[in-house]
Q: 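Shown below is the structure under consideration.
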There are 2 protein chains.
Amino acid sequence: MRIGELAARTGTTRDTIRFYERVGLVEGRRLPNGYRDFAPETVEWLAYVRTAQTLGFTLAEIARHGEELREAPDSADALSALFEQKIQVVDARMAELAALRAELTDRVGTGCPLRTA
Amino acid sequence: MRIGELAARTGTTRDTIRFYERVGLVEGRRLPNGYRDFAPETVEWLAYVRTAQTLGFTLAEIARHGEELREAPDSADALSALFEQKIQVVDARMAELAALRAELTDRVGTGCPLRTA
DNA sequence: CTAAACACTGGACTACGCTCCAAGGTCAAG
DNA sequence: CTTGACCTTGGAGCGTAGTCCAGTGTTTAG
């Protein structure tokens, strides 16, 4: 698959895919004419990249995790570890968020706004 | 309070505070010699800014919310609305995350890794 | 054969959130 | 009166994640 088709199929742009290649997120063979040639699985991989990104992973992390998973003896365990780790981060954020809301509600109720100035 | 003390008390740097001033996140009076002079509440305000930031708000959003709250007729309601909104975003992300984990677990179990290439 | 559509590269540019630096002004202690 | 800590400004630079462009080559359809 050439870059234009991959871009169309993943809802990205050619430029973004070339950028992803530069940072090691995707790899493509080259055709004799120098055009990139991507495997069909790259479509799913890019969908995964986008999901992981909305979950707060950086591109560098996603690339690193991808490599770790390819090298992991037991991908199922590695994946579980990875995502349970991320869930813990999100849980922690939710807890912070809840604590902050409580704190703010209290403070506003007692007539102590955050920003008097 | 001058900038150095504020920086020390909030765990930031002078440069960061000057940057925050440029983007409208903090406001300070000036002493006759030109030095910035911050109100004591600025310490709490900056603590709040940092918390809001870790929760995924951009500095622009935080600044805007600060202004909205100062102008809001009922700050308690405004705050609640603001944070319940953000909690919904986080909840949605957690749901996505849970869905993704389930999907990944399934896929790895059935011998279909994300990245065959 | 030509034109359109697609591909390539390198480099500039953007927004965000800082971080560092140079050159200079202010102030309190010794 | 000097030294050192502290403050000022403007501007450069950085990492992340792209986005856009110019100039050029390739492929495909009429």
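Proteins come first, then strands; the chains are lettered A, B, ... in the order of their sequence lines, and each starts at number 1. No experiment lies behind these values; they were computed from the predicted model shown.
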Q: For B/I3 and C/dT19, give me the distance from atom CD1 to atom P, rounded to whole Å.
A: 14 Å

Q: Using a cut-off of less than 4.0 Å, is there contact between a side-chain N or O of A/T16 and OP1 or OP2 of D/dT19?
A: yes

Q: Output the rounded distance in Å from CG (A/D37) to P (C/dC6).
A: 17 Å

Q: Start at the 5' end of DNA chain C and walk down; is the nucleotide closest to B/Y35 or to B/L59 reached first?
A: B/L59

Q: More 5' along DNA chain D: A/N33 or A/T13, using each one's nearest nucleotide?
A: A/T13

Q: Rounded to whole Å, how long is the line connecting atom OH of B/Y20 with atom C1' of C/dG17?
A: 8 Å

Q: Whole Å only: how far is the CG atom of B/L25 from the P atom of C/dC16?
A: 12 Å

Q: Rounding to an integer number of Å, can you tell me how far B/F19 CZ sits from D/dC14 P?
A: 17 Å

Q: Working note: B/E27 + B/R22, criterion salt bridge (charged side-chain N to carboxylate O under 4.0 Å, His left out); need CA distance, chi angles, decisive distance, verdict.
A: CA-CA 9 Å; B/E27 276 152 49; B/R22 272 212 300 288; over 6 Å; no

Q: For a quick check of understanding: with a heavy-atom distance under 4.0 Å over all strands, which category does B/R36 fall into, base, sugar-phosphate or nothing?
A: sugar-phosphate

Q: Taking CZ from B/F38 and C1' from D/dC7, how many angstroms apart are they, rounded to a whole number?
A: 11 Å

Q: Quick one: on DNA chain C, does A/R30 or A/R22 contact a more 5' nucleotide (nearest heavy atom)?
A: A/R30

Q: Ignoring hydrogens and angles, tell me if any N or O in the side chain of A/E61 forms a donor-acceptor pair with the backbone of A/T58 under 3.5 Å.
A: yes

Q: A/R36 versus A/R2: any side-chain heavy-atom pair under 4.5 Å?
A: no

Q: Return the value, rounded to whole Å, for the distance between atom CD of A/E21 and atom P of C/dA7.
A: 13 Å

Q: With a 4.0 Å cut-off on heavy atoms, is A/D15 in touch with a base, just the backbone sugar-phosphate, or nothing at all?
A: base

Q: With the side chain counted from C-beta on, respond yes when B/I17 and B/L46 share a heavy-atom pair under 4.5 Å apart, and no when they do not.
A: yes

Q: Backbone N or O of B/L6 within a donor-acceptor pair of the B/T10 side chain at under 3.5 Å?
A: yes

Q: Mind calculating the distance between CZ (B/R2) and P (C/dG25) to the nearest angstrom?
A: 18 Å

Q: Categorize B/R18 for me: base, sugar-phosphate, or nothing, with a 4.0 angstrom heavy-atom threshold over every strand shown.
A: base

